[in-house]
Amino acid sequence: MYRLTDAQKARVKELLSQMTLEEKIGQMNQESVSIVGGFDVPFEELIEMMTDGRISQEEFEKIMSTAQQDYHEDDIRAGLVGSLMVQDPRKANELQKIAVEESRLGIPLMFGLDVIHGYRTVYPIAIAEAGTFDPDLFTRTARMAAKESRTQGVNWHFAPMLDVARDARWGRVSEGPGEDPYLVSQFAKAKIKGLQGDRTSPENYVAACLKHYVAYGACEAGRDYNTVSMAPSMLHNAYLPPFKAAVEAGAATAMASFNDLNGVPCTVNPYTLRHILKETWNFPGFVVSDANAIRECVNHGIAATEPDAGTHAANAGMDVDMGTQIYKKHLRAAVERGEVPLSVIDEAAERILSVKMWLGLFDHPYVPEEAMSRYEVLPEEHRALAREAAEKSIVLLKNEGNVLPLKKSQKISLVGQLAASREEIIGAWAMSWRESDCVSIKEGLERAGAQLQYYPCCGPETDINEEEVAAACQYGDVIVAVVGETDAMSGEAASRADITLPGHQRELLERLLASGKPVVACLMNGRPLALQWESQHVPAILECWHLGVEMGPAVANVLLGEKNPEGRLASSFPAVTGMCPIYYNHMNTGRPGGRSKFTSRYLDAGFEALYPFGHGLSYTTFAYDRLRVEEQPDALQITVDVTNTGTREGVETVQLYMQDVTASIVRPVKELRDFAKVSLSPGETKPITLTLQKSDMGYYNDAGEYVLEPGLFRLHVGGNSRDCLTTEVNITF
Ligand code: BGC
């Protein structure tokens with residue numbers, strides 16, 4: 001929980017009283033390390049030249065190796081920098097020393113970084129981890145990342161990413177916990193606890209940054225940075241709740257999103273920043289812009305000039321400028337011209353200093369020398385946690401004829417370039433990993449003692465090697481094909497207009513299937529894929545996502561049955577791309593999708609997700625029975641008997657959904673309200689009780705007011721969002 005003691009607050013006030021206007025604005029300036037010299041064009045242009053192919057990656061790297069890095073030492077000394085992005089502990093200490101010992105007031109720097117799914121120990125991407133439905137795990141992985149990063153000087157994570165995302169074309173679905181506001185909110189609370197909760201030592205916690213505030217996940221057509229238009233009720237019911245949950249959990253900072261929301265970029269949006277976040281929710285931390293976003297307000301056409309954009313942003317409640325120097329260069333003049341009230345600057349500086357105070361930076365500004373090498377070799381404990389997270393994230397989408405688990409006696413043809421890759425298992429937004437820590441699927445299977453031959457055959461971006469395919473079809477009793485996306489195909493600026501398997505991988509599967517041998521598709525990807533064809537032809541499909549350093553052992557354990565899969569989908573999978581956006585908690589319509597033509601459906605794809613939210617099979621089976629509801633004054637207790645009807649122990653994720661059948665505005669067909677994981681032995685039955693607080697049965701209307709309307713509610717309980725037992729209750733509040 002981010003809260004200051006009275007003594008800390010007094011210390012901040014005292015410091016503020018000594019600061020000049022420039023020094024206060026300095027705190028609002030975040031720098032990244034700039035590259036200078038060695039080339040004639042600006043750095044941004046150079047990156048573009050590499051991206052559009054005018055220079056090769058090798059040429060780019062060569063130029064970089066001769067360039068100098070500018071760490072803004074003079075500005076730090078002058079008190080004109082509040083935070084930086086650096087992840088070299090010695091460099092961080094060096095810069096910190098300048099700030100603490102050579103600047104007039106000795107205010108320490110914050111060092112921020114995108115630690116999205118692990119620092120040195122990379123664990124599964126968020127969309128995968130969310131599918132574990134395991135808040136305790138969310139907390140433990142975050143805590144591990146906090147501790148590791150702090151040994152490298154990073155005391156501020158640009159995480160958790162809390163964008164509800166419902167369009168799988170958007171590359172950033174990989175970074176966030178999926179399509180459901182309730183699950184994303186649970187993820188939010190657990191991550192804040194993990195990142196900020198252990199304050200027994202300054203080395204154990206960091207400042208979290210909830211991002212991207214807000215509605216970035218609804219960018220039109222799934223194209224990154226695109227515009228967002230949405231009714232206030234949708235904003236309040238679906239997109240704001242995770243942020244509210246994170247604020248209530250005590251998040252220290254927030255990052256505004258790139259997109260405009262109903263015409264106003266979130267960077268300069270007084271309604272979302274000031275009215276909702278700071279005034280309605282009483283968020284005590286500070287807000288940072290996204291990279292370069294203040295400048296981009298000129299591109300948005302909402303500001304004529306950069307100084308103008310800075311004025312808008314500051315007045316809207318944007319406390320820190322990431323990377324444009326617009327505050328540094330222009331805010332003072334704006335204050336002097338009376339365009340930005342001094343109180344805005346005072347408030348921002350106070351918020352920033354308070355976070356630094358809470359982080360303990362005034363008393364412990366440096367990374368201790370002995371901490372720097374603490375994770376030089378990854379501790380087994382960290383690997384074990386990464387493996388646990390990876391195993392629990394794997395989702396068995398389909399298992400016709402019980403092809404899985406494989407038997408140790410079976411000979412395996414392991415196919416696909418991704419199967420032997422140590423880099424691709426890491427996924428988008430991992431910045432501090434080492435290849436030597438990573439275990440590929442091939443290595444994982446080999447270590448587990450599987451009998452296998454490996455045939456690369458084809459990757460997401462390469463042609464099919466026919467000879468290797470022929471050999472693969474010849475050798476194994478079973479073929480395991482690792483297919484999917486490279487890590488660069490998801491994440492920021494990685495939207496795809498066609499989300500089927502990229503390249504020739506479907507053809508590869510066709511050829512393998514033609515052998516007549518059982519084929520298992522192991523998917524490695526950063527977004528839901530459109531798998532209509534695969535679901536019709538491939539007998540077993542295992543969704544493995546990008547699982548991090550321990551991907552190999554985790555996948556091997558699930559394939560070989562050492563671990564019974566228990567992961568669920570945090571995002572619906574469409575059958576074909578054209579169904580995007582698709583999500584289970586969609587609004588009712590006057591003609592709900594059905595068999596007949598004049599219903600809300602596609603002629604060529606129906607209306608249902610191929611694999612719905614919450615779906616995930618096991619090597620055993622579960623049955624649900626006797627759904628009952630007990631009404632208490634403030635809550636409903638919903639109990640169901642769950643039985644393991646198969647032959648081995650397994651973990652089921654029991655999900656409770658609610659539908660407000662009649663309301664003043666159209667409501668979703670289902671909304672997740674609670675879940676519980678239960679482990680059951682073969683034949684065992686357990687009653688599972690889930691809770692629905694009556695106060696959670698309302699919704700926000702278009703005026704942004706939360707209303708509870710009495711009437712009929714439907715309650716659905718099951719192992720996914722589609723197959724549920726249903727009952728009805730009449731509730732008066
Ligand atoms: C991303 C943010 C990230 C920031 C700093 C931006 O491009 O949108 O998610 O935190 O860069 O790296």
Side-chain angles (χ1 to χ4, degrees), residues 29-35 43-44 47-48 51 81-88 110-119 125-127 142 145 149 152-165 170-177 184 188 191 195 206-219 222-228 242-243 246 251-261 265-267 285-297 299-300 313 318-325 427-433 487-488 490-495 526:
N29 178 37
Q30 181 184 311
E31 295 286 358
S32 50
V33 182
S34 355
I35 309 292
F43 180 56
E44 289 73 26
I47 300 225
E48 262 185 36
T51 317
V81 180
S83 50
L84 275 135
M85 285 202 238
V86 171
Q87 55 163 333
D88 167 350
M110 275 173 81
F111 295 105
L113 196 76
D114 292 280
V115 186
I116 309 298
H117 55 115
Y119 186 79
I125 54 173
I127 195 175
S149 77
Q152 303 303 299
V154 175
N155 45 40
W156 181 20
H157 287 192
F158 301 137
M161 198 275 216
L162 303 176
D163 293 312
V164 168
W170 191 45
R172 304 197 82 166
V173 296
S174 64
E175 285 172 61
V184 179
K191 287 294 179 196
L195 295 175
V206 295
C209 181
L210 46 98
K211 74 181 189 186
H212 305 84
Y213 183 74
V214 57
Y216 186 25
C219 52
R223 188 156 54 80
D224 209 358
Y225 316 120
N226 207 2
T227 186
V228 175
F243 291 97
T253 77
M255 184 188 294
S257 54
F258 285 125
N259 57 286
D260 79 275
L261 175 63
C266 291
T267 309
F286 70 76
V287 186
V288 61
S289 76
D290 204 337
N292 212 34
I294 297 184
R295 177 174 296 132
E296 288 167 16
C297 287
N299 297 348
H300 275 290
M318 176 58 69
D319 303 305
V320 174
D321 168 10
M322 188 191 281
T324 72
Q325 299 188 345
W429 278 119
M431 307 179 77
S432 318
W433 57 284
D487 64 355
S490 61
E492 186 176 352
S495 295

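Read the numbers this way: they start at 1 and go in the same order the structure lists the ligands and their atoms.
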Asks: Counting only heavy atoms and a distance below 4.0 Å, can you name the residues contacting ligand 1?
Replies: Met85, Asp114, Phe158, Arg172, Lys211, His212, Met255, Phe258, Asp290, Ala291, Met322, Trp429, Glu492
Asks: Shortest non-hydrogen contact from Phe111 to Gly153?
Replies: CB-O, 3.3 Å
Asks: Whether the Gln87 and Ser432 side chains hold a donor-acceptor pair (N or O, under 3.5 Å, no angle test) is what I'd like checked.
Replies: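 Yes, because at least one side-chain N or O of Gln87 sits under 3.5 Å from a partner of the opposite role on Ser432.
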Asks: I need the minimum non-hydrogen distance between Gly526 and Ile127, along with the two atoms involved.
Replies: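 For Gly526 versus Ile127, the nearest heavy atoms are O-CG2, 4.4 Å.
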Asks: Testing the basics here: between Met318 and Ile294, what is the closest heavy-atom pair and its distance to 0.1 Å?
Replies: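 Looking at all heavy atoms of both residues, the closest pair is CG-CD1, 4.2 Å.
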Asks: Could you tell me whether the side chains of Trp156 and Ser83 share a donor-acceptor contact shorter than 3.5 Å?
Replies: no
Asks: If you apply the rule side chain to side chain donor-acceptor pair (under 3.5 Å), what do you find for Asp224 with Ser495, and how did you get there?
Replies: CA-CA 6 Å; Asp224 209 358; Ser495 295; 5.3 Å; no
